[in-house]
Number of protein chains: 2
Amino acid sequence: MKSEHIPKATIGRLAVYIQVLENLLRDGNDVISSEKLARACSVNSSQIRKDLAYFGEFGVRGVGYYVQELITSIKQSLGIDRVWKCALIGVGNMGTALLRHHDFERRGFQIAAAFDCDPDKIGLEFGDMEIVCPTHLKEQAPEMGLEIGIIATPPDRAQRAANHLVDANIRGIINFAPSRINVPPHIPVEYVDFFDHLYSIAFQITLGND
Amino acid sequence: MKSEHIPKATIGRLAVYIQVLENLLRDGNDVISSEKLARACSVNSSQIRKDLAYFGEFGVRGVGYYVQELITSIKQSLGIDRVWKCALIGVGNMGTALLRHHDFERRGFQIAAAFDCDPDKIGLEFGDMEIVCPTHLKEQAPEMGLEIGIIATPPDRAQRAANHLVDANIRGIINFAPSRINVPPHIPVEYVDFFDHLYSIAFQITLGND
DNA sequence: ATTAACTTGTTAAAAAAATCACAAGCTTGC
DNA sequence: GCAAGCTTGTGATTTTTTTAACAAGTTAAT
């Protein structure tokens, strides 16, 4: 197989595979079968083989997958075999936590610029970055090669932030603010809200009760 | 319709509906049709009606849904019409950010106890909470009515944290650590990793390029 | 060199989820 | 009181996703 439409669920699982594979590698596993990987990920082994088949043939029949090689292949398939520069808008609680989050670099994402419209925050230094007004986005984005926008504003400011990002020709947006945004259809948007997961847990617990 | 198996995707969308409905209510909308709500959520209107139908009949034919009433009904359906007490394990970067996150209370979740096995952290005050050793979980959980466990440890400590939670009869777990955990099947687990969404954005951008 | 034991990639079948389409029901205006 | 205009709830249909099944390819042992 190769190319055609790829389910979003597949992308989510690929992220899981990477995580588990990296832990396997750390534990000294060089080769793994889809069956064993499947158990470690709590999915069906056909599922794994099918997910991978969208992107190519990465295994060896009768043997399995070489772990390091597979990690590299999946990362290439997802386009995360390079550094993506991100623009953060909104340096409140969430934004600050993101700036402090060490995993960004390790995972291939770099918050290269931080924006906030609060006059009290503008000018503040954050590591080697200075917080500036979002109006500067349009000029800084191309200069700095910013490609992904991270919205971490209060909900009522999210749309404005999105407008700034679109105007600055950003290529994709991840929105931590609890509100929907409208952008042109060629710009992918992902919404992040970990309370979704808490709701799901609460629901599953409640369900198990009756 | 009513009860039967409910797709996980439905739960995810109900969370979106709540978010959008709350914003609609704030903007003074008292009634809304599935068609308009669908547009605001970027989904199909039948989808909304079907999602709601799993839980009951909340609308009025010819009229639509009363916004406040619908919010209440969805929250009841999900079991988030009450406060859930949570135990946090791991007070590092992520754990601290969670403790500082103001939305917990507003959304019906309360981090009522914080645990960490680092001797430098044990004894530290956090608001009105003191960080204690995870070995105390088993005794504190029933006393305090802790029902949900939040794992925010480094990846190699996640399984141990999970064991403590299971041992303390916690009813559900949300895992922020980037590693899979094994728990008895009756305990629901949700994995949270917002890099999944960054991967997805990177992939969608890359895909659009060629 | 042949057999036995594995494991992948892929086609076919099954299951699940999303969408359509419409009868049933509410509201308003005349 | 009735017709016209909406909008829900739901059975039927379509689409998508997952799972099963197996031919094709690999390795190791005899």
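Reminder, nothing fancy here: chain letters follow the sequence lines and each chain counts from 1.
- Picking from D/dT17, C/dT19, D/dT19 the nucleotide with the shortest atom distance to the side chain of B/Q47 gives C/dT19.
- If you take CZ of A/F58 and C1' of C/dT8, they are 13 Å apart, rounded to a whole angstrom.
- In this structure, A/E4 places its CD atom 12 Å from C1' of D/dT17, rounding to the nearest Å.
- Here C/dA18 presents its C1' atom at 14 Å from NE2 of A/H5, a figure rounded to the nearest Å.
- Taking the six-membered ring for Trp and thresholds of 30 and 60 degrees, B/F195 and B/Y199 have ring planes inclined between 30 and 60 degrees apart.
- Between B/F55 and A/F203, the two ring planes are perpendicular [angle over 60°; tilted spans 30° to 60°].
- One finds a side-chain N or O of B/Y65 lying less than 4.0 angstrom from the OP1 or OP2 phosphate oxygen of D/dG9.
- One atom, OH of A/Y66, and another, P of D/dT26, lie 11 Å apart when rounded to the nearest Å.
- Residue-level contact check: B/S34 touches the backbone only, with heavy atoms under 4.0 Å from sugar-phosphate atoms and none from bases.
- Ranked by how close their nearest DNA chain D nucleotide is to the 5' end, A/R13 and A/V60 are led by A/R13.
- For B/F194 and A/F176, the distance between ring centers is under 6.0 angstrom.
- Separating the CD atom of A/E57 from the C1' atom of C/dT10 is a distance of 9 Å, rounded to the nearest angstrom.
- Between the C1' atom of C/dG9 and the CG atom of A/L52 lies a distance of 10 Å, rounded to the nearest Å.
- The base of C/dA18 has none of its N or O atoms less than 3.5 Å from a complementary donor or acceptor on the side chain of B/S46.
- Side chains of B/Y191 and B/D196 form no contact here, defined as non-hydrogen atoms less than 4.5 Å apart.
- Contact check for A/I151 versus A/L88: no side-chain heavy atoms found under the 4.5 Å cut-off.
- Distance CG (A/D51) to P (C/dT10): 14 Å, rounded to an integer number of Å.
- In this structure, A/N44 places its CG atom 14 Å from C1' of C/dA13, rounding to the nearest Å.
- Between the base of C/dT19 and the side chain of B/K50 there is a donor-acceptor pair shorter than 3.5 Å.
- For the OP1/OP2 pair of D/dA23 and a distance below 4.0 Å, the side-chain nitrogens and oxygens of A/R61 include no atom meeting the criterion.
- At the phosphate of C/dA18, neither OP1 nor OP2 sits under 4.0 Å from any side-chain N or O atom of B/R49.
- In the set D/dT27, C/dT19, C/dG9, the nucleotide with an atom closest to the side chain of A/V63 is D/dT27.
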